[in-house]
Undergrad: 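Pasting a structure here, questions to come.
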Protein chains: 2
Amino acid sequence: MTQAPAKQSAREKLLDAAFSVIRAQGYSATSVDDLCRAAGVTKGAFFHHFASKEALAVAAANHWNETTSALFAAAPYHAPEDPLDRVLGYLDFRRAILQGDLPEFTCLVGTMVQEAYGSNPEIRDACRVSIFDHAAHIERDIAEAMDRRGMTTTEWTARSLALHTQAVLQGAFILAKAEGTAEGGAALAAQSVDHLKRYIEMLFTLEERANAA
Amino acid sequence: MTQAPAKQSAREKLLDAAFSVIRAQGYSATSVDDLCRAAGVTKGAFFHHFASKEALAVAAANHWNETTSALFAAAPYHAPEDPLDRVLGYLDFRRAILQGDLPEFTCLVGTMVQEAYGSNPEIRDACRVSIFDHAAHIERDIAEAMDRRGMTTTEWTARSLALHTQAVLQGAFILAKAEGTAEGGAALAAQSVDHLKRYIEMLFTLEERANAA
DNA sequence: GACTCGATACCAACCGGTTGGTATGTAGCG
DNA sequence: CGCTACATACCAACCGGTTGGTATCGAGTC
């Protein structure tokens with residue numbers, strides 16, 4: 001648990017470079033030389049730390065999982081006592097971090113898995129773990145919110161709703177990229193998050209009305 | 001309006017090949033030789049019909065727009081008199097076509113735009129047109145459904161809801177690819193479509209209750 | 001209807017640059 | 001000394017793209 005000071009190893013520099021370069025260009029279009037240039041290291045350093053370009057992608061996906069886990073764990077939305085408020089707070093947080101250029105707020109593993117799912121199982125698995133692990137965190141709050149309200153539905157589960165939130169976010173990123181500008185794209189993504197939040201509010205509000213009746 | 005018989009030009013064969021190969025491998029990972037091999041033509045034919053690999057991508061995106069437009073125009077969901085039923089029917093249709101392998105039901109332009117948005121404006125624009133044109137069709141039915149019910153909301157628009165449907169679908173494809181198997185992925189995507197459909201039903205149902213009161 | 005002519009569609013071989021990856025060397029440190 | 005952490009130089013394969021050429025066809029000419 002050292003807190004990386006000024007000195008950063010070539011490995012760390014390469015992983016950081018991978019985050020930004022791959023999110024901007026995609027995995028296949030990013031060459032090993034691109035990564036070395038962005039990280040300010042040589043090819044020798046690259047292949048000293050990673051057996052292959054593929055191995056770096058797997059390491060980057062795992063590192064992404066750790067980095068984002070820490071980011072969301074440290075986020076303020078966990079404070080509310082009502083788990084539903086935590087879920088809605090999570091969405092507010094996701095909406096709030098839609099800032100800067102597109103490669104800065106889009107998802108590394110969502111981008112990579114599209115290029116790797118068919119031809120590179122190891123990368124795909126690392127991406128899947130990152131996405132589904134993250135969804136599992138939200139699932140816990142959703143399940144607790146349902147539990148607390150005694151909600152029973154056969155139509156959907158906490159898991160399917162948690163995965164749906166991730167689908168909305170990933171899809172919002174695609175539309176943002178298609179839109180062209182960072183601001184316009186972020187606004188588009190924010191609107192999708194708003195729709196999602198409204199949906200979840202309605203799901204739980206209707207339940208409370210039903211219980212009240 | 002000739003209905004392509006057995007004879008297909010190299011151009012058509014290449015565009016068809018691009019649909020399947022790029023959806024399976026991504027744009028950057030697909031070489032010109034890959035496309036030629038899949039289409040059963042030579043490189044000479046490729047560069048006779050397309051000025052560059054990039055030009056083929058643009059043509060493929062445009063062709064995708066035409067192909068999918070025709071598919072959805074011919075779909076049965078346009079029959080209902082109530083525009084809301086057409087919107088819900090559209091979602092049923094999207095859910096129903098989640099079949100076969102992943103490259104068969106996922107979106108070409110959604111895949112390509114992720115790799116092209118930063119480095120290739122022409123491809124990005126062609127993808128954007130395809131996605132937003134499609135959304136505009138759904139927007140029309142949504143707007144009509146709102147209009148018919150005299151719905152007025154400042155929180156969302158027909159356009160934002162239409163774009164949200166596309167975000168959900170695109171995101172569902174990413175989760176499907178991450179999941180690993182075609183069946184599991186399709187099931188995951190279907191659940192997201194279900195959530196989306198439930199959301200839209202609730203949006204309009206609540207409005208009707210409010211109007212009734 | 002035989003003949004040319006230019007345009008279109010396509011092909012096989014090839015080119016220079018880039019790719020992921022390797023072989024070898026070396027500076028610093030315990 | 002031996003080990004880690006890099007750097008330099010290099011390679012074969014592959015990349016997008018070009019070349020020079022051929023096969024086919026419809027329009028025009030006599």
Side-chain angles (χ1 to χ4, degrees), chain A residues 2 4-19 21-22 24-61 63 111-112 115-116 118-124 126, chain B residues 2 4-19 21-22 24-61 63 111-112 115-116 118-124 126:
Chain A
T2 59
K7 203 99 179 194
Q8 208 182 9
S9 75
R11 184 190 158 87
E12 287 164 335
K13 282 193 273 189
L14 281 165
L15 288 175
D16 282 356
F19 279 9
V21 178
I22 294 178
Q25 306 185 349
Y27 169 70
S28 298
T30 298
S31 69
V32 173
D33 283 324
D34 283 342
L35 292 166
C36 291
R37 213 174 303 129
V41 304
T42 61
K43 230 170 179 178
F46 184 102
F47 285 102
H48 172 71
H49 290 287
F50 305 102
S52 62
K53 185 190 171 188
E54 176 187 345
L56 167 118
V58 171
H63 187 47
T111 301
M112 278 207 301
E115 299 180 63
S119 35
N120 205 313
E122 297 185 19
I123 298 178
R124 182 202 61 207
Chain B
T2 59
K7 203 98 180 194
Q8 209 182 8
S9 75
R11 186 190 156 87
E12 288 164 334
K13 281 192 273 188
L14 281 165
L15 288 174
D16 282 356
F19 280 10
V21 177
I22 294 178
Q25 306 185 349
Y27 170 69
S28 297
T30 299
S31 71
V32 174
D33 282 323
D34 283 343
L35 292 166
C36 292
R37 212 173 304 127
V41 304
T42 62
K43 229 170 179 178
F46 184 102
F47 285 101
H48 171 72
H49 290 287
F50 305 102
S52 62
K53 186 191 172 188
E54 176 186 345
L56 167 117
V58 171
H63 187 46
T111 301
M112 278 204 303
E115 298 181 64
S119 35
N120 206 313
E122 297 185 19
I123 298 178
R124 183 203 59 206

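Note that this is a predicted model, so its numbers are computed, not measured. Below, chain A is the first sequence line, B the second, and so on; all start at residue 1.
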Undergrad: Between C:dC11 atom P and B:R37 atom CZ, what is the distance in whole Å?
TA: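 After rounding, the gap between these two atoms is 15 Å.
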Undergrad: Flag the pair A:R37 / A:D33 as yes when at least one side-chain heavy-atom distance between them is below 4.5 Å, and no otherwise.
TA: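 Counting from C-beta outward, A:R37 and A:D33 do come under 4.5 Å.
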Undergrad: Given atom CD of A:Q25 and atom P of C:dT19, what is their separation to the nearest angstrom?
TA: 10 Å
Undergrad: If you draw the axis of the six-membered ring of B:F46, does the NZ or CZ of B:K53 fall within 45° of it and under 6.0 Å from the ring centre?
TA: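 Because its charged atom misses either the 6.0 Å distance or the 45° angle limit, B:K53 does not stack over B:F46.
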Undergrad: Please check if any side-chain donor atom of B:E115 sits under 3.5 Å from a side-chain acceptor atom of B:S28, or the reverse.
TA: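 A donor-acceptor contact under 3.5 Å links the two side chains.
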Undergrad: Would you indicate which nucleotide in C:dG21, D:dG16, C:dC10 comes nearest to any side-chain atom of A:K53?
TA: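 Nearest to the side chain of A:K53 among the choices is C:dG21.
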Undergrad: Can you tell me the distance, in whole Å, between the NE2 atom of B:H49 and the C1' atom of C:dC11?
TA: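 Rounded to the whole Å, the gap is 12 Å.
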Undergrad: When you match B:H48 and A:S52 each to their closest nucleotide on DNA chain C, which lands nearer the 5' end?
TA: B:H48
Undergrad: Starting at atom CG of A:L14, determine the distance to atom P of C:dG20, rounded to an integer number of angstrom.
TA: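 Going from CG in A:L14 over to P in C:dG20 covers 13 Å.
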Undergrad: Where the side chain of B:A45 is defined as all heavy atoms beyond and including C-beta, which of C:dC11, C:dT19, D:dA7 is the nearest nucleotide?
TA: C:dC11
Undergrad: Expressed in angstrom and rounded to an integer, what is the separation of A:F46 atom CZ from C:dG21 atom P?
TA: 8 Å
Undergrad: Could you state the CG-C1' distance from A:D33 to D:dC15, rounded to the nearest angstrom?
TA: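 Atom CG in A:D33 sits about 14 Å away from atom C1' in D:dC15.
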Undergrad: Give A:S31 one of three labels, base, sugar-phosphate or nothing, depending on what nucleic acid heavy atoms sit under 4.0 Å from its own.
TA: sugar-phosphate
Undergrad: Could you check whether B:T30 gets within reach of a base, just the sugar-phosphate, or nothing at all, counting any heavy atom under 4.0 Å?
TA: sugar-phosphate
Undergrad: Atom NZ of A:K13 and atom C1' of D:dA7: how far apart are they, to the nearest Å?
TA: 13 Å
Undergrad: Scan B:L15, B:T30, B:V41 and name whichever one has a side chain to side chain contact (heavy atoms under 4.5 Å, CB included) with B:L35.
TA: B:T30
Undergrad: Assuming nearest nucleotide by heavy-atom distance, tell me which of B:V41 and A:Y27 is located more 5' along DNA chain C.
TA: B:V41
Undergrad: Quick check: are there more than 12 heavy atoms from other residues, nucleotides or ligands sitting under 6.0 Å from CD of A:E122?
TA: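 No, CD of A:E122 has 12 or fewer neighbouring heavy atoms, counting only those of other groups under 6.0 Å.
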Undergrad: Given the structure, check if the side chain of A:K43 and the base of C:dG20 hold any donor-acceptor pair shorter than 3.5 Å.
TA: yes
Undergrad: How many Å lie between CZ on A:F47 and P on C:dT22, as a whole number?
TA: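 So the two atoms are 7 Å apart, to the nearest Å.
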